Amino acid sequence: MRVVLGVGGGIAAYKAASLLRLFTEAGHDVTAVPTEAALSFVGKATWEALSGKPVRTSVFEAVETVNHVRLGHEAELIVVAPATADLLARAAGGHADDLLTNALLMARCPVLMAPAMHTEMWRHPATQANVATLRSRGVAVMDPAEGRLTGKDSGPGRLPEPEEIFAEALRLVAAGSKTMDDAGRAPEEGPLAGRRVLVSAGGTREAIDPVRFLGNRSSGKQGVAIARAALRAGASVTLVAAHLEVPPPAGVELVSVESALELHGEMVERASAADGVIMAAAVADFRPARPQRSKIKKRDDVPDEPIALVRNPDILVDLVRQRDGEGGHQIIVGFAAETGDEGADVLEYGRAKLERKGCELLVVNEVGTDRVFGQDENSVTILAKDGAEPQHVAGSKDEVADAVVLRLARALDAR
Ligand code: CTP
């Protein structure tokens, strides 16, 4: 495959060298197109040696080859890594002031951008608006990873690992995604275009006192992947996030909550306006009955007190009830974390849960301390109230998310 690797002027440019190697070692033909600024970080010689091709940054070099037209035209994939704030802005604005932006304007192939910048720049409304614009045009913009940045700061803004970018790029090509059709029309509308989707994600935290809580092992990765997949599918997405260990995707309306009761309140309030509701959050079934206003002290003169628990509302059940009461027709999707035992296997428990909760689809997950939580891979079975055959999906949490979102879209279309 003919790949154009665009490299923006950020410190993470050095990682693009490994990415280039991943493509060439897999037998792809790579042309590196750094920006002028990128060359201040990694010089031309590196790109030329690794790609085995001459490297140009400007439209005024090798003019006789009409490079600025040819590159984008012939590319079967364009990957930009790192995509700096400035490069995202130029691409979103349709600028054509260097070879890379010319290639991007000419391209009709899948385009993947992997941003890297300081957290403040990433979170700036200008950058977020540029990312939203690019995504609405069918450009796949990855979310930056979270962690240590160039200086002492840390947060979302790190370039995703080259292996991750490589895998995402191949997935994009395999999915046949295009930024535009050959006539230059906007991308085909996704399966959730025009739909509003409400997603909950992460693990709730139930206060014991101001510094302690009861929590769970949910990382929020699967819920966040679902929100991202719904965005990719064209939906407008509200993400109600309990504790997450991964950054929420850019482009969602984000509502942060802490406890099951707060999550309950936000979901109940927002569900009626949604077409689809996906309860991917790991909700604590119990909360301390009497959370203390001040930190609990150990005291030798008073006996240790057990923590009394009370039941939290079942949010999923309440959402189904509310919908039925209102005569609404949202499609509601639940998750089930199950471990099989002597009594029944995971799917039998799943079917019973689907019945009990009353939702249209239930995504059943087999869990254990070493399974699912915090992992990047997942394996689920999607059960449907209408009795459709159980659908087994195994793969990355993104692949699982795509499958869940597609089932939601189909259920909405059939409604
Ligand atoms: N859920 C919810 N409110 C709760 C508990 C769970 O809305 N208080 C939702 C979860 O978001 C998930 C589904 O219900 O979509 C199933 O969660 P799970 O923890 O598997 O089931 P529980 O209802 O807690 O049942 P049990 O613990 O008995 O298996």
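Quantities reported herein were computed from a predicted structural model and do not represent experimental measurements. Counting starts at 1 for both ligands and their atoms, in listed order.
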Peer 1: According to ring pair (Phe, Tyr, Trp, His ring centres under 6.0 Å), who are the partners of F166, at least two apart in sequence or on a separate chain?
Peer 2: F23
Peer 1: Please indicate whether R311 has more than 12 foreign heavy atoms, meaning atoms of other residues, nucleotides or ligands, lying under 6.0 Å from its CZ.
Peer 2: no
Peer 1: List, for ligand 1, each N/O atom that has a protein N/O partner under 3.5 Å away, with both atom names and the distance.
Peer 2:
unit_1, atom_1, unit_2, atom_2, d
ligand 1, 3 (N), I315, N, 3.0
ligand 1, 7 (O), I315, N, 3.3
ligand 1, 7 (O), L316, N, 2.7
ligand 1, 8 (N), P313, O, 2.9
ligand 1, 11 (O), M279, O, 3.4
ligand 1, 11 (O), A281, O, 2.8
ligand 1, 14 (O), K357, NZ, 3.0
ligand 1, 15 (O), M279, O, 2.8
ligand 1, 15 (O), F335, N, 2.8
ligand 1, 15 (O), F335, O, 3.2
ligand 1, 20 (O), A337, N, 3.0
ligand 1, 20 (O), K353, NZ, 2.6
ligand 1, 21 (O), K353, NZ, 2.8
ligand 1, 23 (O), K357, NZ, 2.4
ligand 1, 24 (O), D285, OD1, 3.1
ligand 1, 24 (O), D285, OD2, 2.9
ligand 1, 25 (O), K353, NZ, 3.4
ligand 1, 27 (O), D285, OD2, 3.3
ligand 1, 29 (O), K353, NZ, 2.8

Peer 1: Would R171 and D402 pass as an ion pair if we require N to O under 4.0 Å?
Peer 2: yes
Peer 1: Once side chain to side chain donor-acceptor pair (under 3.5 Å) is applied, do any residues pair with R356, and if so which ones, sequence neighbours excluded?
Peer 2: none
Peer 1: Write out all pairs satisfying ring-ring contact (aromatic ring centres under 6.0 Å, His included) with one or both partners inside residues 107-162, taking only residues at least two apart or from two chains.
Peer 2: none
Peer 1: For atom CZ of R21, is the number of surrounding heavy atoms from other residues, nucleotides or ligands below 6.0 Å larger than 12?
Peer 2: no
